[in-house]
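Report on one structure; see the data block that follows.
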Amino acid sequence: MKKTILITGGAGFIGSHVVRLFVRQYPEYQIVNLDALTYAGNLENLKDIAQYPNYTFVKADITDEVFIPELFRNYKFDGVIHLAAESHVDRSISDPMAFIRTNVFGTVNLLNAARAAWKEHVEGKRFYHVSTDEVYGALDFDGKLFTEASRYDPHSPYSASKASSDHFVRTYHDTYGMPVVISNCSNNYGANHFPEKLIPLSINNIKNKKPIPIYGKGENVRDWLWVEDHARAIDLIFHRGKSGETYNIGGNNEWTNIDLIRLLCRIMDKKLGRREGESETLITFVKDRSGHDLRYAIDSTKLKTELGWEPSLQFEEGLEKTVDWYLENQDWLERVINGAYRDYYEKQYGHKV
Ligand SMILES: NC(=O)c1ccc[n+]([C@@H]2O[C@H](COP(=O)([O-])OP(=O)(O)OC[C@H]3O[C@@H](n4cnc5c(N)ncnc54)[C@H](O)[C@@H]3O)[C@@H](O)[C@H]2O)c1
């Protein structure tokens, strides 16, 4: 069936994998990728599908109260998959307002535009909000997992802004009958991850023999999921998830930061032909982040039993694939680190953005 779908934040890390999956898998859909190209957006992530006839890129800000409703009127979207966000916890600690603007105000602006556009015919429409497990706060080391019924208890301005946006999305379902779905996912890793985040930052530092900073004693636990498995889950939930429902997505794959980095060091020692244990000497413990959540872990039973989703990769395999990608795409990494990526795509491919 033909559909026109708006994907926001498609030039970012997870968004680019979602856009690629939809453009390739559903040639009958028109995919509109809307992204403001903040520091986290990089059109080079999508250079392989940029010329597909069912793909359009629109540079715009989700907080724009004039342009966004106009876009909905012009394109008559059947669905929205909303990923655009400020996403880095450390940045949220130094500039919370940017997170409120994009994550809260921007989400509500999209909801308003969808509500106005779908006023007459809401059947078959869908507003999918992509969120994080960080809204649930922190777990102890007691083996408990976050379920869809877990209480919201955010501890950083980032997670508070995502929690607030989740509440608004649910409100639009309950108050206005908007057909919404929400997913809350654990930490993602994989290709095209911006090198301010733990795994790509550490890969880059190991490669360049620079110190690998680890917060506190590295005891914080995260549940890691390969980004392409997240994109597959989003595809399933968008098409088959029940309106008004929330789905947790996780890899059932908990690692302390220090164990993860040690594994990464071992993989990279092998790949770079270094003596075993050489890269581990780069590990440097730094002052802990304030409000740093101890442990996140997700129970994805609902997604598995209701929609039949399973992660496809074991973590060791996924991490090795990720290291391979960064070693094969050192130019991409260099350009992101030295800032040349900001106008590289336009210069290289001649597309005005
Ligand atoms: N990365 C993770 O591990 C993870 C885990 C769970 C959920 N999430 C959620 O998934 C989504 C995507 O995360 P990510 O890691 O790919 O983020 P990212 O920072 O890599 O990408 C965000 C994208 O949104 C765009 N953007 C930012 N502000 C915008 C605005 N005002 N208007 C339009 N576009 C804007 C950026 O240019 C960028 O392309 C976010 O909503 C995040 O909360 C991320």
Side-chain angles (χ1 to χ4, degrees), residues 1-12 14-15 18-19 21-23 26 28-36 41 54-87 99-132 135 161-185 231 233-247:
M1 211 220 293
K2 278 184 185 292
K3 279 184 197 285
T4 305
I5 296 169
L6 173 67
I7 300 182
T8 69
I14 302 172
V18 175
V19 166
L21 185 151
F22 272 75
V23 165
Y26 302 105
E28 70 279 23
Y29 290 2
Q30 274 304 318
I31 302 300
V32 178
N33 169 16
L34 179 144
D35 198 297
N54 64 335
Y55 172 74
T56 307
F57 174 71
V58 175
K59 184 178 175 191
D61 194 312
I62 58 166
T63 64
D64 189 326
E65 288 177 90
V66 176
F67 182 79
I68 295 293
E70 200 179 299
L71 189 81
F72 272 77
R73 282 193 294 275
N74 290 343
Y75 278 96
K76 306 197 174 7
F77 297 118
D78 299 292
V80 177
I81 304 177
H82 173 38
L83 296 112
E86 288 292 341
S87 70
F99 285 68
I100 295 165
R101 243 184 330 265
T102 288
N103 300 0
V104 185
F105 186 87
T107 300
V108 178
N109 193 36
L110 285 169
L111 285 165
N112 283 340
R115 185 177 159 233
W118 298 343
K119 208 168 44 211
E120 311 292 336
H121 300 286
V122 83
E123 300 77 36
K125 308 289 194 242
R126 169 140 291 188
F127 190 104
Y128 182 169
H129 177 60
V130 176
S131 192
T132 167
V135 298
S161 69
K162 291 298 290 189
S164 171
S165 63
D166 292 9
H167 290 320
F168 270 106
V169 173
R170 282 195 191 100
T171 305
Y172 272 60
H173 173 264
D174 298 347
T175 309
Y176 306 115
M178 165 97 70
V180 307
V181 275
I182 299 179
S183 60
N184 295 87
C185 187
I234 289 175
D235 176 15
L236 263 181
I237 295 167
F238 179 75
H239 287 101
R240 296 188 19 224
K242 268 204 223 123
S243 177
E245 293 286 323
T246 297
Y247 297 86

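All figures in this text were calculated on a predicted structure; none of them were measured in a lab.
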Q) Taking all atoms of both residues into account, what is the closest heavy-atom pair of Ser131 and Lys162, and its distance? A) OG-CE, 3.8 Å
Q) Just how far is it from atom CZ of Phe127 to atom CG of Leu110, taken to the nearest 0.5 Å? A) 5.0 Å
(Q) So if I apply the side chain to side chain contact (heavy atoms under 4.5 Å, CB included) rule between Ile68 and each of Thr63, Asp61, Thr8, Asn109, which one comes out positive? (A) Asn109
Q | Nearest-0.5 Å distance, OG1 of residue Thr56 to OH of residue Tyr75 | A | 4.5 Å
**Q.** Donor-acceptor contact present, side-chain Tyr172 to main-chain Asn112, <3.5 Å
**A.** no
Q.
Parallel, tilted or perpendicular, judged at 30° and 60°: which one describes the rings of Phe22 and Tyr26?
A. tilted
Q.
Can you confirm whether the side chains of Asn54 and Tyr29 place a donor and an acceptor under 3.5 Å from each other?
A. no
Q) Got a second to check how far Lys242's NZ is from Tyr247's OH, nearest 0.5 Å? A) 6.0 Å
Q.
Using side chain to side chain contact (heavy atoms under 4.5 Å, CB included), reason through Leu6 and Leu71 one step at a time and then give a plain yes or no.
A. CA-CA 10 Å; Leu6 173 67; Leu71 189 81; 4.2 Å; yes
Q: State the CG-CD1 distance between Asp235 and Ile81, to the nearest 0.5 angstrom.
A: 8.0 Å
Q: List the steps and the verdict of side chain to side chain contact (heavy atoms under 4.5 Å, CB included) for Phe168 and Leu111.
A: CA-CA 9 Å; Phe168 270 106; Leu111 285 165; 4.2 Å; yes
Q.
Can you list everything that forms a side chain to side chain contact (heavy atoms under 4.5 Å, CB included) with Lys125? Sequence neighbours excluded, please.
A. Asp78, Trp118, Pro179
**Q.** Distance-only polar pair, side chains of His129 and Thr107, donor-acceptor under 3.5 Å
**A.** no
Q) How many angstroms lie between CZ in Phe105 and CD in Glu65, if you round to the nearest 0.5 Å? A) 3.5 Å
Q) Can you name the closest pair of heavy atoms from Ser243 and Arg126 and give their distance? A) N-NH2, 3.3 Å
**Q.** side chain to side chain contact (heavy atoms under 4.5 Å, CB included) between Ile62 and His82, intermediate numbers included
**A.** CA-CA 10 Å; Ile62 58 166; His82 173 38; 3.7 Å; yes
Q: Begin with the C-alpha distance, continue with both residues' side-chain angles, and end with the deciding distance and a verdict on side chain to side chain contact (heavy atoms under 4.5 Å, CB included) for Ser161 and Glu86.
A: CA-CA 9 Å; Ser161 69; Glu86 288 292 341; over 6 Å; no
Q) At their closest point, which heavy atom of Met178 faces which heavy atom of Ala114, and how far apart are they? A) CE-CB, 4.1 Å
Q: Applying side chain to side chain contact (heavy atoms under 4.5 Å, CB included), name anything that partners His167, two or more places apart in sequence or on another chain.
A: Tyr152, Arg170
Q.
Do Ile14 and Val130 make a side-chain contact, defined as non-hydrogen atoms from C-beta onward lying under 4.5 Å apart?
A. no
Q. Any side-chain heavy atom of Ile5 sitting closer than 4.5 Å to one from Phe238?
A. yes
Q) What heavy-atom pair brings Asn33 and Gly9 nearest, and what distance separates the two atoms? A) OD1-C, 4.3 Å
**Q.** Shortest non-hydrogen contact between Thr102 and Ala85, atoms and distance
**A.** CG2-CA, 3.8 Å
Q. Once you round to the nearest 0.5 Å, how far does CG of Leu83 lie from OH of Tyr128?
A. 8.0 Å
Q. What pair of heavy atoms forms the shortest contact from Ser183 to Ile237, and how long is it?
A. CB-CD1, 3.9 Å
